[in-house]
Amino acid sequence: SVDSIAVGHPSIKVTVVSGEVHGPKCEVFGPGLSSAVAGHQTGFTIMAVDQFGNIRKVGGDAFRVTMRPLPTHANAAAGAHAVDSVPVQVVDFQSGAYVANFSPILAGRYSFAVTCKRLPVDLRTTVCTVHPAPSHVPSCCATGGVATGVKAGEMLDFTIQSRYSV
């Protein structure tokens with residue numbers, strides 16, 4: 001009964017399903033939102049939610065995720081200014097859950113934007129720090145006074161640039 005008025009028959013089962021996805025109500029979580037390692041795949045989860053806060057149990061929603069480097073001095077020094085954006089693949093599990101996977105190439109600070117049907121999804125944080133990967137010795141580079149014919153005991157100045165494998 002509703003407000004003391006009898007409604008329906010007691011043996012009738014009513015199933016309530018979620019409505020259309022509503023971007024501003026969707027939930028986004030996972031370690032890839034705030035931290036990643038250059039050259040390694042990571043990601044975060046998106047839960048589709050309707051305007052009333054009901055989690056959707058079906059897929060097919062068109063989430064769009066963009067990841068761009070922030071224009072900072074540290075990113076410019078690292079060469080991140082050469083990257084316009086990082087490709088992000090959104091995987092639909094057909095259950096209301098989606099995973100956004102990405103593999104940033106360069107260390108630095110990046111921002112995220114997530115939308116669905118052109119509406120923004122509210123993110124608790126929009127800045128991801130991409131840390132350098134451990135050095136990959138075969139990829140490192142020596143520059144400067146590297147020369148042939150150096151004799152044992154002679155001083156030689158050179159620089160080794162640490163690089164990581166992608």
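Quick note: numbers below take in every heavy atom, side chains included, and nothing from hydrogens, waters or symmetry partners.
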| task | Would you mind listing the cluster partners of Phe93? Hydrophobic ones only (ILVMFWY), side-chain contacts under 4.5 Å, chaining allowed. | result | Val91, Val99
Measure across [X] and [Y] and return the closest heavy-atom pair with its distance rounded to 0.1 Å.
X	Y	result
Pro69	Asp84	CD-O, 3.5 Å
Gln51	His22	N-CB, 3.5 Å
His40	Pro104	O-CD, 3.9 Å
Thr115	Pro120	CG2-CA, 4.1 Å

| task | Taking the six-membered ring for Trp and the single ring otherwise, decide whether the centroids of Phe102 and Phe112 are under 6.0 Å apart. | result | yes
Side chain to side chain contact (heavy atoms under 4.5 Å, CB included) against [X], all qualifying residues, sequence neighbours excluded:
X	value
Glu20	Lys117
Ala97	Met47, Ser95
Asp122	none

| side-chain contact (heavy atoms from CB on, under 4.5 Å) partner of Cys116, the single match among Ile46, Val21, Val65 | Val21
| message | What verdict does the side chain to side chain contact (heavy atoms under 4.5 Å, CB included) test give for Val114 and Leu123, after you've listed the backbone C-alpha separation in whole Å, the side-chain angles of each residue and the deciding distance to 0.1 Å? | response | CA-CA 8 Å; Val114 180; Leu123 303 173; 3.9 Å; yes
| remark: Residue pairs passing the side-chain hydrogen bond (donor to acceptor under 3.5 Å, both in side chains) test with at least one member in residues 56-66, sequence neighbours excluded, are Arg56-Asp61, Asp61-Tyr98
Distance check, rounded to the nearest 0.5 Å: [X] atom [atom1] versus [Y] atom [atom2]?
X	Y	atom1	atom2	result
Cys128	Leu70	SG	CG	10.0 Å
Ser111	Arg68	OG	CZ	7.5 Å
Asn101	Gln41	CG	CD	4.0 Å

What pairs of donor and acceptor atoms, side-chain ones from residues 26-39 against any protein atom, are under 3.5 angstrom apart with sequence neighbours left out?
| unit_1 | atom_1 | unit_2 | atom_2 | d |
| --- | --- | --- | --- | --- |
| Ser35 | OG | His131 | NE2 | 3.4 |

| Side-chain donor/acceptor of Asp50 to backbone N/O of Gly19, under 3.5 Å | yes
